[in-house]
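Since the structure is predicted, the reported quantities are computational estimates derived from the model, not experimental observations. Heavy atoms only: backbone and side chains are in, while hydrogens, waters and symmetry mates are out.
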Amino acid sequence: MSDLNLDLHIAPMRPMKGAPPQGPGDEPMWSPMSATLIHGENEAILVDTLVTFDQVDELAEWIKGFGKGLVGIYVTHGHSDHWIGISRLREHFGDVPAWARPKVRQRAAFEATDPGLSGYWQSVFPGEIPARPDTPDALDGNTIELEGSEIRIIDIGWGDTEFSTIIHVPSIAAVVGGDVVYNEVHMMTAETDATTRQAWIDNLNEIAALDPKIVVSGHHRVGAPTNPESIGESQQYLRDFSKVVEAQETVEDIVEAMLELHPDRDNPRVVWHCAREAVKKREQA
């Protein structure tokens, strides 16, 4: 049995194409993203892939620097920014297997083929992502073995999308939280309502119950620590968002209130997007 190690690579926040800003902080930006390498003496598994060709190329060179054989890619959830780099990584590492739990794989396949969603990704990163990206294969089990050590997969449920999963590495008390945990980055709540945000908060309690010493977030500010405080901070953000949406009428008022409560997180464009979706849901109710 090999002692496992965990290392984190973060792609910084960057511009993207998108609608022009409707207020301060609404400039089209993509949040910082993490990819995590779990590795033993000779082999490694990557968790999530980053997005654009330049991000994935930089990630690949970083992985090569460890001198380990990349034996698999695990995808935490179905949003394209976490798996669309599989094709590019295979240009660097050959036909390395890529896995996701069955419902995550279904969502990835949907995003790859649905005209609206695939068109969205092509529009915000034109010429920077594959036209026909590889998607992960279904992983039916809940564990991955790496050099005799167990990597646990937990089907946690709601994060910033349904059917999210996390990785738990018991031997090093580590959790790779995908987009269930955020770290110093505004949280993407657009797919949620008050009920599913409460489910998300409850799922964060499940992560805390694992008593991790290392917690990696899918959207993780460059240089932010990997300590478990991000769990409670994510819960507070979700509580605040639900309270603000209930109290404020307009998109602008929701944004103003959230930025007053959380002024220092990366990428306020996310707040604008989520506020618009929250108001739209209320109007359609």
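- Leu146 and Leu37 fall into different hydrophobic clusters, where Ile, Leu, Val, Met, Phe, Trp and Tyr side chains are chained together by heavy-atom contacts under 4.5 Å.
- For the 3.5 Å distance criterion, the side chains of Arg152 and Thr143 fail to qualify, holding no donor opposite an acceptor.
- Looking at Gln235 and Asn205, their side chains do bring a donor and an acceptor atom within 3.5 Å of each other.
- Between His77 and His82, the gap from one ring centroid to the other is short of 6.0 Å.
- Interatomic distance, CZ of Arg88 versus CG of Asp54, reported as 8.5 Å (0.5 Å rounding).
- Residues passing the side chain to side chain contact (heavy atoms under 4.5 Å, CB included) test with Ala109, sequence neighbours excluded: Arg105.
- Listed by first and then second residue, the salt bridge (Lys or Arg N to Asp or Glu O under 4.0 Å) pairs that reach into residues 164-183 come to none, sequence neighbours excluded.
- Each of Asp7, Ile45, Leu4 was scored for a side-chain contact (heavy atoms from CB on, under 4.5 Å) with His39, with one residue passing: Asp7.
- Using a cut-off of 4.0 Å between Lys/Arg side-chain N and Asp/Glu carboxylate O, Arg132 and Asp134 are scored as not salt-bridged.
- Checked by atom type and distance alone, the side chain of Thr250 pairs as donor or acceptor with a backbone atom of Asp253 at under 3.5 Å.
- A 6.0 Å sphere centred on CD of Glu256 holds no more than 12 heavy atoms belonging to other residues, nucleotides or ligands.
- The other residues sharing a hydrophobic cluster with Phe110 are Leu117, where clustering joins ILVMFWY side chains under 4.5 Å apart.
- Grouping Ile, Leu, Val, Met, Phe, Trp and Tyr residues whose side-chain heavy atoms lie under 4.5 Å apart, directly or via other members, places Met13 in a hydrophobic cluster with Met29.
- Listed by chain and residue number, His219 satisfy the ring pair (Phe, Tyr, Trp, His ring centres under 6.0 Å) test with Tyr182 (two or more places apart in sequence, or in another chain).
- Among residue pairs with one or both ends in residues 64-79, those qualifying as salt bridge (Lys or Arg N to Asp or Glu O under 4.0 Å) are Glu61-Lys64; sequence neighbours excluded.
- Side chain to side chain, His9 and Gln55 fail the donor-acceptor criterion of an N or O pair below 3.5 Å.
- Within the 3.5 Å criterion, the main-chain N or O of Val75 finds no donor-acceptor partner in the side chain of Trp99.
- Taking the six-membered ring for Trp, Phe163 and Trp158 have ring centres at least 6.0 Å apart.
- A donor and an acceptor atom, one from each side chain of Tyr74 and Thr165, are located under 3.5 Å apart.
- A side-chain contact (heavy atoms from CB on, under 4.5 Å) with Val175 is found for exactly one of Ile154, Leu210, Ile214, namely Leu210.
- A ring-centre distance under 6.0 Å is not found for Trp121 and Trp83.
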